[in-house]
Structure formats: C-alpha cells, structure tokens
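Just so it is clear: chains get the letters A, B, ... in the order the sequence lines come, proteins before strands, and each one is counted from 1.
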Amino acid sequence: MTSTSTEAPIRVRIAPSPTGDPHVGTAYIGLLNYIYARQRGGKFILRIEDTDRTRFVPASEQMIFDSLRWLGLGWDEGPDVGGPFGPYRQSERTEIYREHADILLANSTAYRCFCTPEEIEEIRKQQIAAKLPPRYPGTCRHLTKAQIAENLAAGKSYTIRLAVPPHKGDLTSSTTFCDELRGNITFEHNNVDDQVLMKSDGFPTYHLANVVDDHLMQITDVIRAEEWISSTPKHVLLYKAFGWEIPRFWHMPLLRNLDKSKISKRKNPVSLIYYRDSGYLPEAIINFLGLMGGGMPGDINNGTEQFTLAEMVEHFVFTNIRLGGPVFDLTKLKWLNGEYLRKLSPEDFFHQVRTRVFGDEYLRQIASLMQTRIETLTQFGDLTSFFFSDNVVPSQETFLPKKRTLEETLAFAQDQLAVLEATEWTHEALEPALKKLGEEKTWSVKENFMLLRAILTGSTMSPPLLESMVVFGKARSLDRVRRFLDAQKKLATQRK
RNA sequence: GGCGUUAUGGUGUAACUGGUUAACACGUCGCCCUCUCAAGGCGAAGAGUCCGGGUUCGAGCCCCGGUAACGCUACCA
C-alpha cells in the first residue's frame with residue numbers, strides 16, 4: 001500500500017449507471033469500496049452516472065439504492081442522503097462539466113471536433129478494413145481559429161475531444177500510472193485515442209465526468225473493475241491537463257461466467273433484484289462476494305469460508321486480492337445460502353419464508369388473479385404453484401405447439417426473450433410488444449402466449465399470462481425463460 | 001489486428017522473506033444414518049501449479065521466451 005504521511009482523509013466511491021437492474025458487479029465493487037472506507041475511517045460515496053441519456057432507465061436508480069441497502073452497503077454521501085460535495089447525480093452537474101471542458105479548451109489539452117457521427121463511422125470502417133486500429137485521425141485537431149469560428153457561426157454541432165500528447169519518442173510519448181495491485185502500467189500515446197469528452201448533446205462522457213467528479217469530491221482511491229485499466233491513461237492525462245493530483249487506482253478482477261468471459265446476463269443471473277426475489281439472503285451474497293478474489297485470511301472462522309461484513313471490515317487485506325478473474329459459481333453461492341438458512345433460528349426461518357416467499361403483498365396480488373377461478377379455497381395452490389417454485393420444467397408436450405417444429409419454437413422463444421428484456425414490465429407495454437413480435441414471425445396470439453405460459457408456469461393452464469408475469473416480476477421471469485432455453489440447448493446437444 | 005491484464009484440481013481460495021508427499025472449501029463419487037429427500041458423519045477420486053528454458057543444493061513462488069484466456073479498442077459506462 002502506498003501511503004504518505006500527509007494523507008488526506010480516505011474517500012472512495014462507486015458510480016453505477018442507472019441503465020437497468022442493479023448488477024452483481026456493482027455490489028462486488030461496492031463491497032470492496034465499503035470495506036476500504038470502513039477500515040480506514042473514510043467516507044463511502046454513491047454517485048449516479050446518468051450521462052448516457054439513450055440508456056437511461058428511470059426506475060433503475062431507486063433499485064440501485066434499494067438493493068445496495070438490502071445488502072447492507074450503506075453510503076455516507078449520495079443523491080438521496082446528500083453531502084457536502086453534491087449534487088451526486090451527474091445529470092445535475094452538466095454546468096460543472098461545461099466549465100471544465102472550457103478550461104481544457106483554453107489550455108489546448110482538448111479541442112472541438114465537428115466531424116459527424118457518419119463521417120467517424122466511415123473512417124472506422126476503412127481503418128478496420130485496412131486492419132488498422134480504429135482511431136480518430138485528428139482531423140479537427142488542427143483547425144484554425146477562423147475555421148472554428150466559422151463552424152460555430154454556422155451552428156454546426158460538435159464534440160470536445162481530448163488532445164492526447166503527440167508521440168514522437170520523447171518523454172511525453174507515453175503515460176505511466178501505478179495500479180496498487182499490479183504496479184506500474186505504461187501506455188504509449190499512439191495507443192490512446194483522442195477520446196470524446198463532451199458529447200454533442202452537451203453531456204460529458206464517463207471519462208470527463210469521472211475525473212472532474214472524483215477530483216471535486218476529493219476521492220483519494222479509485223477502486224473499480226479491471227475493464228477500466230485501458231482507459232486509465234486518458235484519465236491520468238485529464239488530471240494532468242487540469243493540474244490536479246492523481247488518486248490511487250485499484251483495479252479489481254472482473255467477475256466471470258463459467259466459461260471465464262466477463263459475467264453477463266446471457267450466461268448468469270446478474271440482477272440483484274433476481275437474487276433478492278429468488279430467496280437469497282443478503283448475508284450469503286456478501287459472504288460469497290467476499291470470497292471472490294480472496295482478500296480474507298484463509299484461517300478465518302476455522303477455514304469455513306463463512307464470515308460477516310463486519311468480519312471483512314476487520315480482516316480483509318486488499319493487497320492479498322488475487323488478480324485472476326473469479327468465476328461467479330452459482331453452485332457454491334447456493335450452498336452458502338443454504339448454510340445461512342440453516343443457521344437461522346426456527347422462528348427467523350419461518351419469518352423469512354413468511355415474508356420472502358409468501359409476502360402479504362405478493363399473495364394479495366396473486367389472490368386477486370384467482371378469485372374467479374376456483375371453487376374451493378384449497379384449489380388456490382393448484383394454479384399458482386409456479387409463483388412459489390424455483391424449478392419449473394415444462395415437458396415438450398406442454399410447450400410445443402401442434403403445428404410447430406421444436407426448432408422454430410425454440411427460435412421463437414429466443415425472440416420472445418429478447419422482446420421481454422427490452423420491454424417495460426407492465427401489462428400495457430408487454431401486450432403490444434409480444435403481439436408485434438407474433439405478427440412479425442406469423443405466430444398466432446394463442447401460440448405466442450401459450451408458449452410463454454408453458455415456459456413460465458410449466459403448464460397450459462394458469463391465471464392470465466400478462467398479469468401473472470407482472471406479479472412474478474421481470475428478473476425472475478427472464479431468468480426462467482433463459483433457463484428453459486439453456487436446458488433445451490443442452491438436450492439438443494445430447495441428442496446429437 | 002493493436003494495446004493491456006491474468007494464469008494453482010471442474011469451481012473459489014491457501015502455501016511464511018524459494019525448503020517435506022501442493023492445503024482448505026464447493027462440486028463429484030462411495031459408505032453410514034434414515035420411511036423419502038436434504039442435513040449431518042466417514043471416506044475416495046481429482047492439480048504436480050499454462051508450456052519451454054534458465055538461476056539454485058532446492059522454484060508454484062526469482063529471470064527469459066512462448067501460449068492461452070479475458071478486457072479495452074463508442075458522441076456506453
């Protein structure tokens with residue numbers, strides 16, 4: 001650990017983007033930042049990086065708050081709790097970025113680029129075709145003042161790009177920074193692109209906003225995922241352009257799928273909402289995340305690998321983190337969750353079942369779907385068991401429409417999944433989206449809905465599909481469709 | 001393609017400043033318990049530490065060279 005005697009108080013942050021369901025990766029990095037701050041009496045800050053308006057999902061921010069709190073990772077400063085360095089939502093800081101972009105423009109460490117997205121795209125295509133690294137050629141970098149004034153007067157829209165120092169083999173030809181876990185990392189400037197800092201819509205990109213905010217919020221340690229290593233030289237260049245002190249960088253290994261690729265929803269549940277709704281305990285998830293990459297002494301609690309958040313704050317050692325990407329292995333997480341379930345007192349266990357599986361609000365919504373459909377109360381379970389089960393496996397007889405082949409049915413289910421992923425989880429949005437897909441693929445509404453019903457409920461008989469899906473929730477519904485598809489793929493390869 | 005990072009059983013980790021036969025957990029398999037399934041108990045298989053050189057009395061740990069995987073390569077983060 002590098003630390004100087006004139007150390008500023010430790011301040012760390014996580015900066016998730018509200019682009020969908022909160023991600024396990026956010027929880028992982030959040031956990032690490034939380035521990036780091038607590039170990040050093042520092043502050044843990046939550047900042048919302050909502051500068052990408054095209055991917056913005058309104059409900060997402062609240063879900064991030066809820067799921068991080070559910071895990072026990074509370075923050076000292078953030079959009080909802082305030083703090084002395086606000087606002088903590090980047091969309092509310094656009095004026096700040098504007099001002100800072102002007103500073104860069106004034107000292108020539110950035111420049112206006114009037115190229116259109118189409119032109120850039122064309123250049124990229126040519127570069128890729130010529131097997132050259134796709135890079136902005138610097139066309140607008142040498143515009144004269146007159147040319148710039150002319151373009152401005154003509155009302156041309158522009159971006160602002162970082163002017164990466166020239167690379168002529170002198171001392172400015174590369175940027176070196178220290179990663180606290182890996183040591184010095186060097187990038188030659190001819191491998192660093194003139195990154196866009198301000199988009200033409202007036203919003204900053206991550207690179208600018210992140211550096212400006214980290215500095216203004218007095219962040220001392222940037223603890224983030226490994227995927228950021230490649231863009232760190234751009235950030236270092238920015239700190240230097242502003243004349244600011246550079247924080248410490250800690251790049252953490254990336255969580256992986258079973259096949260070692262970066263963890264993704266295609267191959268693994270990644271939504272924290274999914275884990276919550278599927279009956280995982282926050283203690284188990286935190287514990288499991290704490291196992292990823294090591295950091296805890298092996299002999300803690302007799303080597304059971306079981307420990308609490310408080311114990312992590314007490315014993316976790318950052319410099320012991322292993323750098324290989326750990327596989328997020330659901331099998332082991334389930335074992336751990338089972339361990340925590342067994343440790344509960346009978347009364348607490350009952351309470352968990354009562355609130356998490358048979359919560360009042362959940363039951364109320366299901367009941368309202370069932371009132372007209374049963375003749376004795378005890379028939380309630382007959383049509384609703386899928387709401388309370390984890391393992392729903394429809395037989396081929398159940399899900400395969402009479403006039404369709406297995407192949408086209410699975411292909412259509414795949415399309416349904418894509419539509420569901422992209423659709424807001426309300427009856428009003430889901431119905432037209434699914435029907436539109438059916439029309440495009442010439443599947444009747446009946447075939448369309450029956451297939452989805454079979455996949456989600458395991459049966460051809462159920463309460464109304466859309467209403468049921470809304471009650472059941474997006475995270476679990478999507479997971480069920482994905483698991484169905486996976487299982488069918490495995491069966492198909494077995495048959496071969 | 002370019003750049004960067006990483007590399008210990010199937011998976012997650014351990015192995016003090018190089019020092020017995022590479023340890024633990026999950027998973028797998030078997031046995032015990034038992035009305036079933038779990039849980040629990042006992043036991044087994046499974047890596048010679050990505051590969052090839054080098055230094056050393058001795059290398060998973062140090063050096064050199066490869067390879068592979070992953071990440072980045074956006075007016076996304």
Taking atom C1' in both A25(B) and C35(B), what distance in whole Å separates the two?
-> 32 Å
Answer yes or no: does a side-chain N or O of Arg322(A) lie under 4.0 Å from OP1 or OP2 of G12(B)?
-> no
Tell me: CD1 of Ile185(A) to P of G71(B), nearest whole Å?
-> 17 Å
Any Lys/Arg nitrogen of Glu95(A) or Arg98(A) sitting under 4.0 Å from an Asp/Glu carboxylate oxygen of the other?
-> no
Distance between the C1' atoms of A59(B) and G53(B), in whole angstroms?
-> 14 Å
Tell me what Phe187(A) touches on the nucleic acid: a base, only sugar-phosphate, or nothing, going by heavy atoms under 4.0 Å.
-> sugar-phosphate
Check whether any side-chain heavy atom of Leu291(A) sits under 4.5 Å from a side-chain heavy atom of Phe307(A), and report yes or no.
-> yes
Can you find a side chain N or O atom of Thr54(A) that sits less than 4.0 Å from OP1 or OP2 on C76(B)?
-> no
Compile the donor-acceptor pairs under 3.5 Å between side chains in residues 278-285 of chain A and protein atoms, sequence neighbours left out, one pair per line.
{"unit_1": "Ser278(A)", "atom_1": "OG", "unit_2": "Tyr274(A)", "atom_2": "O", "d": "2.8"}

Which of these nucleotides, A74(B), A77(B), G71(B), is closest to any side-chain atom of Arg124(A)?
-> A74(B)
Lys199(A) side-chain N/O to A77(B) phosphate OP1/OP2 under 4.0 Å = yes
For the pair made of CG in Leu323(A) and C1' in U6(B), what is the distance, rounded to whole Å?
-> 7 Å
Strictly under 6.0 Å, is that where the ring centroids of Phe242(A) and His100(A) end up?
-> yes
Could a donor-acceptor pair under 3.5 angstrom be found where the side chain of Glu226(A) meets the base of G4(B)?
-> no
Of all the nucleotides listed (C75(B), G4(B), C24(B)), which has the minimum atom distance to the side chain of Glu305(A)?
-> C24(B)
Quote, to the nearest angstrom, the P distance that separates G18(B) from C32(B).
-> 49 Å
Report which part of the nucleic acid Pro326(A) touches: base, sugar-phosphate, or nothing (heavy-atom distance under 4.0 Å, all strands).
-> sugar-phosphate
Write down the distance separating the C1' atoms in A45(B) and G27(B), rounded off to the nearest Å.
-> 13 Å
How far does the C1' atom of C51(B) sit from the matching atom of A15(B), given to the nearest Å?
-> 23 Å
OP1 or OP2 of U6(B) less than 4.0 angstrom from a side-chain nitrogen or oxygen of Lys262(A), does that happen here?
-> no
Taking the six-membered ring of Tyr158(A), is NZ or CZ of Arg112(A) closer than 6.0 Å to its centre and within 45° of its axis?
-> yes
Side-chain donor/acceptor contact of Ser200(A) with base of C75(B) under 3.5 Å | yes
Value in whole Å for how far the P atom of U28(B) lies from NZ of Lys332(A) | 13 Å
Could you tell me whether G48(B) is syn or anti, where syn means a glycosidic angle within 90 degrees of zero?
-> syn
Of all the nucleotides listed (G40(B), A74(B), G12(B)), which has the minimum atom distance to the side chain of Pro134(A)?
-> A74(B)
Given the C1' atoms of C16(B) and G12(B), what is the spacing between them in whole Å?
-> 22 Å
Side chain Thr331(A) and base G27(B) donor-acceptor under 3.5 Å | no
Pairing partner of C24(B), by Watson-Crick or G-U wobble and under 3.5 Å for both distances, is G12(B)
Whole angstrom is fine here: how far is it from CD in Glu227(A) over to P in G4(B)?
-> 19 Å
